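As structure tokens, the structure follows; a few thoughts come after it.
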Amino acid sequence: DLKGQYWTDDDSDGDNESEEFLYGVQGTCAADLYRHPQLDADIEAVKEIYSENAVAVREYGTIDDVDIDLHVNISFLDEEVATAWKVLRTEPIVLRLRFSLSQYLDGPEPSIEVFQPSNKEGFGLGLQLKKILGMFTSQQWKHLSNDFLKTQQEKRHSWFKTSGTIKKFRAGLSIFSPIPKSPSFPVIQDSVLKGKLGIPEARVNRLMNRSVSCMVKNPKVEVFGYPPASTQAGVAPFNILVACSAPSPSQVGGHCKNIPTLEYGFLVQIMKYAEQRIPTLNEYCVVCDEQHVFQNGSMLKPAVCTRELCVFSFYTLGVMSGAAEEVATGAEVVDLLVAMCRAALESPRKSIIFEPYPSVVDPNDPKTLAFNPKKKNYERLQKALDSVMSIREMTQGSYLEIKKQMDKLDPLAHPLLQWIISSNRSHIVKLPLSRLKFMHTSHQFLLLSSPPAKEARFRTAKKLYGSTFAFHGSHIENWHSILRNGLVNASYTKLQLHGAAYGKGIYLSPISSISFGYSGMGKGQHRMPSKDELVQRYNRMNTIPQTRSIQSRFLQSRNLNCIALCEVITSKDLQKHGNIWVCPVSDHVCTRFFFVYEDGQVGDANINTQDPKIQKEIMRVIGTQVYTN
């Protein structure tokens with residue numbers, strides 16, 4: 001006696017391989033089962049405020065259960081953010097709540113599942129969001145009832161004008177969460193490049209000038225004209241922002257834990273809360289949901305905080321990246337992460353720069369930490385790292401067998417490798433062959449470390465002042481920390497390796513030779529080579545017959561130099577002292593690319609990022625490669 005699709009218990013799991021999602025299909029219960037009218041009202045509210053496809057209902061003919069699937073649109077996420085978080089931005093995240101059909105809010109607290117139908121593996125974000133929504137529901141359930149909700153909704157209806165409808169309030173409900181991005185993109189600021197690019201302008205601007213805009217369907221004054229919500233029984237008032245423009249992700253982050261209004265029903269409330277939380281998941285610990293505290297703000301990828309209880313839970317929660325999967329899909333990146341970790345650990349400055357220190361649970365005693373930031377043991381850490389087999393070997397055989405070999409060498413080797421992978425909070429992708437050829441290295445990577453909020457502030461500043469590209473040179477030993485803590489202003493701090501002759505800030509240069517010099521400084525080397533010395537080294541390395549292919553996938557030397565290509569805002573804050581630039585505002589510098597050189601090799605010392613040909617090549621790679629990855 002069910003209309004439409006019949007669902008069985010076996011089909012109710014979001015991970016079922018044979019499951020088919022029929023968005024908006026709604027069954028009707030058999031006549032002998034009572035269906036609470038408040039449930040119908042809340043379902044209709046979701047359809048009114050979002051769309052018919054935003055909710056799907058699954059009923060059972062013989063039991064008093066109902067599954068409500070709420071489809072949360074995440075297309076507002078930028079493409080590289082979605083890739084870093086391992087979500088499909090073209091497919092909604094499904095929140096599945098199981099209620100009592102006849103009791104609804106008077107019944108037991110609903111169970112919650114969070115999934116994407118096509119995202120079967122590695123959906124760590126779903127586990128984090130499930131935990132957040134579970135805590136939210138438990139808190140709300142203490143005072144929720146059908147009668148209480150009915151009272152709240154009657155108050156709302158009393159505020160309507162005679163001609164008003166619930167649709168007029170869509171704008172008010174949408175003010176806190178990002179809406180799908182506008183299809184239009186700002187124009188490139190650099191006038192030199194206009195008209196010279198051989199690719200569509202919009203494609204180039206997908207990384208360089210992304211925008212987030214709210215589409216207010218009915219921006220009339222009366223939308224914001226109703227009085228504040230009641231604060232009875234712990235329901236927080238619904239704060240309305242009256243502004244001329246949509247809130248940025250940074251503004252959204254400030255309100256992400258606000259309790260949305262209950263006046264449109266519990267289903268709308270939990271959808272709004274999910275929409276508020278999703279853009280800022282990287283800013284909160286995946287276990288305790290407390291905000292991260294970092295010197296330079298949050299990073300791109302979600303992570304666990306340093307509390308020991310959270311570290312233990314993190315290992316059992318299942319959100320940690322699997323080493324096997326990462327080696328299979330990004331072996332060159334794992335190889336680079338291990339090399340950076342080794343360089344930092346072997347540095348005489350390791351007590352300063354090897355940060356963060358690993359938090360690794362002892363596989364033989366899951367209640368203790370084998371590596372503990374409060375009890376640092378660099379010798380034991382070095383022994384475990386030396387037992388991590390080369391990534392090249394891992395790709396040539398059975399990963400399970402290789403793990404067994406590592407466990408025999410050192411039981412902490414594989415857990416350490418997992419930590420190296422999962423603690424990386426930047427998005428790194430090896431660039432394909434159509435890379436920046438003027439950099440003269442096969443080891444080229446896309447490197448994005450800025451979280452959505454910082455990127456939003458960067459885009460805002462770029463619209464005002466424009467931007468350009470410049471190199472940042474730092475020794476390989478420093479990048480273990482940079483990938484996890486961000487590119488920080490180290491001037492006048494213990495992290496500073498060389499002088500700050502031009503003041504406090506992040507040092508950059510449009511000239512490659514200057515940044516190559518800085519990249520070689522470390523491990524006691526405090527003298528920066530001259531440009532002539534770099535040119536001689538470059539010429540010598542390119543004339544010596546190579547004993548191995550320059551196109552090797554993996555790093556084959558521990559003598560590494562590296563350099564980053566950054567985008568920097570060209571505001572008055574950027575201080576230019578000839579070819580040495582100092583940016584005192586961390587939000588005005590974002591990493592874009594990363595280059596690695598082996599055995600003392602350096603790239604062309606004569607590259608100038610202000611050369612229109614160089615700029616055109618950079619924009620070509622951004623426009624054609626970033627999003628194909």
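Predicted model, so just to flag it, every value in this text is computed and none were measured.
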Output yes when [X] and [Y] qualify as a salt bridge under the 4.0 Å nitrogen-oxygen rule, no when they do not.
X	Y	result
Asp78	Arg459	yes
Arg484	Glu355	no
Arg592	Glu455	yes

Between [Y] and [X], is there a side-chain heavy-atom distance shorter than 4.5 Å?
X	Y	answer
Tyr273	Asn258	no
Leu448	Val429	no
Leu127	Leu129	no
Ser102	Arg35	no
Leu369	Val360	no
Ile270	Leu70	yes
Arg425	Ser449	no
Pro117	Val94	yes

Interatomic distance, [X] atom [atom1] to [Y] atom [atom2] [nearest 0.5 angstrom]:
X	Y	atom1	atom2	answer
Lys454	Asp587	NZ	CG	6.0 Å
Leu97	Leu267	CG	CG	7.0 Å
Ser111	Arg96	OG	CZ	9.5 Å
Leu149	Thr151	CG	OG1	8.5 Å
Thr90	Leu77	OG1	CG	11.5 Å
Leu483	Ile428	CG	CD1	4.5 Å

Got a donor-acceptor contact below 3.5 angstrom from the [X] side chain to the [Y] backbone?
X	Y	answer
Glu91	Ser118	yes
Lys463	Phe458	no
Arg89	Asn73	no
Asp65	Glu59	no
Glu290	Tyr284	no
Thr591	Leu447	yes

### Task
Please lay out, stage by stage, how Ile74 and Gln116 fare under the test side chain to side chain contact (heavy atoms under 4.5 Å, CB included).
CA-CA 11 Å; Ile74 60 168; Gln116 278 192 305; 3.7 Å; yes
### Query
Considering residues at least two apart in sequence or located in another chain, which fulfil the side chain to side chain donor-acceptor pair (under 3.5 Å) criterion with Asp42?
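Listed in chain order: Gln38, Tyr104.
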#### Entry: With Thr137 via side chain to side chain donor-acceptor pair (under 3.5 Å) - residues at least two apart
none
Looking at every non-hydrogen atom in both residues, tell me the closest pair between [X] and [Y] and how far apart they are.
X	Y	answer
Leu105	Phe266	CD2-CB, 4.1 Å
Arg98	Tyr60	NH2-OH, 2.9 Å
Cys566	Val589	CB-CG1, 4.0 Å
Val46	Met271	CG1-SD, 3.9 Å
Trp141	Pro108	CZ2-O, 3.5 Å
Glu283	Ala453	OE2-CB, 3.8 Å

### Task
Let me know which of Leu101, Leu39, Ile43 forms a side chain to side chain contact (heavy atoms under 4.5 Å, CB included) with Val57.
Ile43
### Message
Going by salt bridge (charged side-chain N to carboxylate O under 4.0 Å, His left out), name the residues that satisfy it together with Asp289, two or more places apart in sequence or in a different chain.
### Response
Lys257, Arg277
### Message
Would Lys462 and Glu567 count as a side chain to side chain contact (heavy atoms under 4.5 Å, CB included) here? Give the steps.
### Response
CA-CA 10 Å; Lys462 181 174 178 177; Glu567 187 178 7; 2.9 Å; yes
Is there a donor in the side chain of [X] and an acceptor in the side chain of [Y], or the other way round, less than 3.5 Å apart?
X	Y	answer
His71	Asn53	no
Ser145	Asp147	no
Gln269	Thr261	no

### Task
Apply side chain to side chain contact (heavy atoms under 4.5 Å, CB included) to Glu113 and Lys130, showing your working.
CA-CA 6 Å; Glu113 296 296 330; Lys130 176 182 177 180; 3.5 Å; yes
#### Entry: Residues Gln140, Ile259; criterion side chain to side chain contact (heavy atoms under 4.5 Å, CB included); working and verdict
CA-CA 9 Å; Gln140 295 300 103; Ile259 307 300; 3.8 Å; yes
